[in-house]
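Labels below follow one simple rule: chain letters A, B, ... track the order of the sequence lines, proteins then strands, and each chain is numbered from 1.
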Amino acid sequence: MPELPEVETVRKGLENLVEKAVIQEVEIFWERIITGSRVGESFKKALVGEQLQQIRRRGKFLLLDFDRYTLISHLRMEGKYEVVPTDEPLKLHTHVVFHLKDGRDIRYLDVRKFGRMELVLRGQEETVAGIQRLGPEPFADVFLLEPFQAKLSRIKKAVKPALLDQNLVTGLGNIYVDEALFQAGIHPLRPGNSLTPNEAAVLHQSIIEVLGKAIQAGGTTIRTYLNALGESGNFQQDLKVYGQTGEPCVRCGNPIQKTKVAQRGTHFCAHCQKLTEENVLPVM
DNA sequence: ACGGCTGTTAGTCA
DNA sequence: ATGACTAACAGCCG
């Protein structure tokens, strides 16, 4: 599922459904989903009797705060949660089940089994490697232009993979990075240090806008089926380049192209996003 | 029918 | 530092 807007949608949905719920029992059907020092029996035992206090999000990570522990959950490509009555049959690809005292389950499903969860003591979430590396949240109050420009000016690699690695700013994935680069009129292969200060500023603003609008829309739902938490998004209607291969560019009418950049499918308009500098377009 | 794709990240190697 | 490649997996599409 997840880039930041989808994870945020899951966070809100889960919190509304199960805030203050108490765990009665935990079942694990695919052990490798759980990482860190508390796995298997020790993972289950720690969680029994714990009450869920709140759910936070950092980048694409969900942080479920219990009394003594925080469950850090990353959905990777296809992880999903559902909340259903305990007597409901398990769906295929259900890997972890948290039985609640109120007769419901929180269930974790993940077709490709790429998702990971780790249980740490409250307050220890910053010790998890994936979280330590994260840059600022993509919001105007914490994602500041000048540090972004400064870091970008020292990056020689292409701007698309630079934005995907979560250090400059957290939350972009393959969909929203293509959308933000399109909105900014910047070619995905431009080296980070080739962007002018003005281009960096337009890109910075585009990232904030694209992710902000996607959060408002409840995220993007593509190719995944109904009913799992957080799949009620409708930002797919607002995608300008992702999945629009061959369709006319909304800005100039030329067909959207698809290539590969850093091993990822990459959508862009060859007319609006040139490989040469200073092709900046006004923010839409 | 199979090879290449897929909203991710971490690791290795040159 | 960076890019290429792999691994973790399963399903879908042409």
message: How many whole angstroms separate atom CD1 of A:I222 from atom C1' of B:dT8?
response: 13 Å

message: What is the separation between atom CZ on A:R112 and atom P on B:dT8, rounded to the nearest whole Å?
response: 10 Å

- prompt: At under 4.0 Å, does any side-chain N or O of A:R133 touch on OP1 or OP2 of B:dA10?
  reply: yes

message: Tell me if a side-chain donor or acceptor on A:E50 pairs with a main-chain N or O of A:D67 at a distance below 3.5 Å.
response: yes

message: Considering every strand and a 4.0 Å limit on heavy-atom distances, what is the contact class for A:R32: base, sugar-phosphate, or nothing?
response: sugar-phosphate

message: Say we look at B:dA1 and C:dA8: how far apart would their P atoms be, to the nearest angstrom?
response: 26 Å

- line: Bounded by its outermost nucleotides with an atom under 4.0 Å from a heavy atom of chain A, the footprint on DNA chain C reads C:dT2 to C:dG11

message: Per the salt bridge (charged side-chain N to carboxylate O under 4.0 Å, His left out) rule, what does the pair list look like for residues 18-42 of chain A, sequence neighbours excluded?
response: A:E41-A:K44

I'd like a table of atom pairs between the protein and nucleotides 12-14 of chain B - only N or O on both sides, under 3.5 Å - with the distance next to each one.
none

field: Between B:dT6 (P) and A:F114 (CZ): distance, integer Å
entry: 13 Å

field: A:H74 side-chain N/O to B:dT8 phosphate OP1/OP2 under 4.0 Å
entry: no

task: Give me the residues of residues 151-164 of chain A where at least one heavy atom lies under 4.0 Å from an atom of DNA chain C, by number, or none.
output: A:I155, A:K156, A:K157, A:A158

query: Hey, is the side chain of A:K260 poking within less than 4.0 Å of OP1 or OP2 on B:dG4, counting only N and O atoms?
result: no

- prompt: P atom, C:dC9 versus B:dG11: distance in rounded Å?
  reply: 16 Å

statement: In whole angstroms, the gap separating C1' of B:dT8 from OH of A:Y242 amounts to 12 Å

- line: Pairs under 3.5 Å (Watson-Crick or G-U), crossing ones as [ ], inter-strand ones as |: DNA chain C comes out as .|||||||.|||||

field: For A:H74, all residues meeting ring-ring contact (aromatic ring centres under 6.0 Å, His included), sequence neighbours excluded
entry: A:F61

